[in-house]
Amino acid sequence: MTKEEYKEAQIARMVSHQVGSKDRIGNTITKIFSKGSEYVVYEIKTNDLSDSIKLSIDTIIEDDTEPLERFYKVREKFTKLKGLLYKVTDDTSIKARIGHILSHAITGNPEEAKTQFDSLIDEIETEYKNQYKHRIKYLVTTVVFLVLEIILSIVIYSNNLFQELVHIRYLIYISTAASIGGFISITRRLKQMNFEKDVHPLIYIFYSLERMIIALMAGVVIYFAIQSDLIFGIVKNLEKPIYGYIVFGVVAGFSETLIPNLLINLESKKE
């Protein structure tokens, strides 16, 4: 193959790297992060996050090994960063930054690229630790709230309080059940929650309390909805309706759509 023929084939190979097309080994390309005349950094469709970012180097001159040699100088950092992708909340933006740094390394400055990789690694580790701390604060607040609710219910049950005020007694029980539902919902979604940067730590305590109070109020609403036969009215006719209230209290606290949908249905019926 002549130099001209090789160059034409090289250009065709580089142009073929398009979103939706296949790379050389059959992976579907989903994003292009950085692209030059001799390299392309792209994302492939895969369930393995650490293997989702790829680099292809294809030199204009067939025997030119300099771009590859420059990449080898940062390959260890690149591999380490790929292994840290599970720690980030926005992996697309991090991959774009990785693509920019790789471009910087391949086109002539691998030592500076190493420094940039180290800086990005430190940033990811720091942010991951902060996210972990925020999740702990968020979770601990919900646990404290739930424990207080449970203690209140136990005290009322053990001392036979509010025997004459049965609705108050039931409301406390169903509020506790709704808090349990809210706690289950929070723990299921905790890993997917994205906590904002540069926000006072107390804000996350308030966010947690807000979610638990909403769950509690959902339990109150579902209780009155049952009492007024707007929904699940059969529960109050059970031999021991408290068990039904508790079940629906948990459901109301867990679901973030049950009560809003109920209110929307009531509003539509009113119209």
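Excluded from the calculations below are hydrogen atoms, water molecules and symmetry mates; all remaining heavy atoms, backbone and side chain alike, are included.
- Partners of T30 by side chain to side chain donor-acceptor pair (under 3.5 Å), not counting sequence neighbours, listed by chain and number: E43.
- Listed by chain and residue number, E69 satisfy the side chain to side chain donor-acceptor pair (under 3.5 Å) test with T65 (two or more places apart in sequence, or in another chain).
- By the 4.5 Å heavy-atom criterion applied to side chains, I226 and F248 are counted as neighbours.
- By the 4.0 Å N-to-carboxylate-O rule, R97 lies close enough to E123 to be salt-bridged with it.
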Requested in this report: Could you give me the CA-CA distance, side-chain angles and deciding distance for F162 and H167, then say whether side-chain contact (heavy atoms from CB on, under 4.5 Å) is met?
Outcome: CA-CA 9 Å; F162 302 116; H167 289 297; over 6 Å; no
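- Taking N160 as the reference, Q163, R169 meet the side chain to side chain contact (heavy atoms under 4.5 Å, CB included) condition, with sequence neighbours excluded.
- Side-chain atoms of D48 and T46 include no donor-acceptor pair closer than 3.5 Å.
- At distances below 3.5 Å, not a single donor-acceptor pair connects side-chain atoms of S153 with backbone N or O atoms of Y173.
- Between A113 and I101, the closest heavy-atom pair is O-CG2, 3.5 Å.
- N159 places a side-chain N or O within donor-acceptor distance of the main-chain N or O of V155, the cut-off being under 3.5 Å.
- A distance-only check finds a donor-acceptor pair linking the side chain of S228 to the backbone of F224 [under 3.5 Å].
- Cluster membership for I214 and L190, using ILVMFWY side-chain heavy atoms within less than 4.5 angstrom, is not shared.
- A chain of hydrophobic side-chain contacts below 4.5 Å, direct or via other Ile, Leu, Val, Met, Phe, Trp or Tyr residues, connects I184 to M217.
- Not counting sequence neighbours, the partners of I61 by the side chain to side chain contact (heavy atoms under 4.5 Å, CB included) test are D64.
- To the nearest 0.5 Å, atom CG of residue L216 and atom CD1 of residue I174 are 10.0 Å apart.
- Y170 is linked by a ring pair (Phe, Tyr, Trp, His ring centres under 6.0 Å) to Y245, counting only residues two or more places apart in sequence or in another chain.
- Nearest heavy atom pair, residue I44 against residue D51, reads CD1-O, 3.6 Å.
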Query - Steps toward side-chain contact (heavy atoms from CB on, under 4.5 Å) verdict (V220, S175) - result: CA-CA 6 Å; V220 172; S175 297; 3.8 Å; yes
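- Counting heavy atoms from C-beta outward, S185 and R211 have side chains that approach closer than 4.5 Å.
- In plain terms, the two heavy atoms of T59 and E62 that are nearest each other are OG1-O, 4.0 Å.
- Side-chain atoms of R135 and Y204, non-hydrogen and from C-beta on, never get closer than 4.5 Å to each other.
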Report task. Begin with the C-alpha distance, continue with both residues' side-chain angles, and end with the deciding distance and a verdict on side-chain contact (heavy atoms from CB on, under 4.5 Å) for S37 and I60. Result -> CA-CA 8 Å; S37 59; I60 295 174; 4.0 Å; yes
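- Checked against side chain to side chain contact (heavy atoms under 4.5 Å, CB included), S16 has no partners two or more places apart in sequence or in another chain.
- Applying the ring pair (Phe, Tyr, Trp, His ring centres under 6.0 Å) test to residues at least two apart or on different chains, none of the pairs has a partner in residues 18-41.
- Side chain of T107 to backbone of S103: a donor-acceptor contact under 3.5 angstrom is found.
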Between side-chain atoms of residues 76-83 and protein atoms elsewhere (two or more places apart, or another chain), which donor-acceptor pairs fall under 3.5 Å?
from	atom 1	to	atom 2	distance (Å)
K77	NZ	D118	OD1	2.8
T79	OG1	R75	O	2.9

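- Cluster membership for L161 and L148, using ILVMFWY side-chain heavy atoms within less than 4.5 angstrom, is not shared.
- Not a single donor-acceptor pair under 3.5 Å links the side chain of S119 to the backbone N or O of T115.
- Residues V40 and I57 fail the side-chain proximity criterion, which asks for heavy atoms closer than 4.5 Å.
- Rounded to the nearest 0.5 Å, atoms CD (E38) and CE (M14) are 8.5 Å apart.
- Here the CG atom belonging to L120 is positioned 8.5 Å from the CG atom belonging to L84, to the nearest 0.5 angstrom.
- A pairwise comparison of heavy atoms in A215 and A178 identifies O-CB, 3.1 Å as the closest pair.
- Contact record, A252 with A218: O-CB, 3.6 Å, taken as the closest heavy-atom pair.
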Quiz: residues 137-144 side-chain donor-acceptor pairs under 3.5 angstrom, not counting sequence neighbours:
from	atom 1	to	atom 2	distance (Å)
T141	OG1	K137	O	2.8
T142	OG1	L139	O	2.5

Report task. Tell me, with the steps shown, if F206 and E210 meet side-chain contact (heavy atoms from CB on, under 4.5 Å). Result -> CA-CA 6 Å; F206 292 131; E210 177 189 41; over 6 Å; no
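- Here ring pair (Phe, Tyr, Trp, His ring centres under 6.0 Å) pairs that include residues 87-131, with residues two or more places apart or in two chains, number zero.
- Note that OG of S179 is 10.0 Å distant from CG of L152, once rounded to the nearest 0.5 Å.
- With sequence neighbours left out, H17 forms a ring pair (Phe, Tyr, Trp, His ring centres under 6.0 Å) with Y42.
- S21 OG to I32 CD1: the interatomic distance, rounded to the nearest 0.5 Å, is 7.0 Å.
- Atom CG of L165 has more than 12 heavy atoms from other residues, nucleotides or ligands within 6.0 Å.
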Query - Full working for salt bridge (charged side-chain N to carboxylate O under 4.0 Å, His left out) between K87 and E125 - result: CA-CA 8 Å; K87 292 186 175 183; E125 293 287 9; 2.9 Å; yes
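- Between atom NZ of residue K95 and atom OG of residue S52 there is a gap of 2.5 Å, rounded to the nearest 0.5 Å.
- A continuous path of ILVMFWY side-chain contacts below 4.5 Å connects I150 to I186, so both sit in one hydrophobic cluster.
- Using a cutoff of 4.0 Å between basic side-chain nitrogens and carboxylate oxygens, R70 and E66 are scored as salt-bridged.
- Looking only at distances, a side-chain donor or acceptor of T126 sits under 3.5 Å from a matching main-chain atom of D122.
- With sequence neighbours excluded, the residues forming a side chain to side chain contact (heavy atoms under 4.5 Å, CB included) with T2 are E4, E5, listed by chain and number.
- Linking Ile, Leu, Val, Met, Phe, Trp and Tyr whenever their side-chain heavy atoms come within less than 4.5 Å puts V41 and I124 in one cluster.
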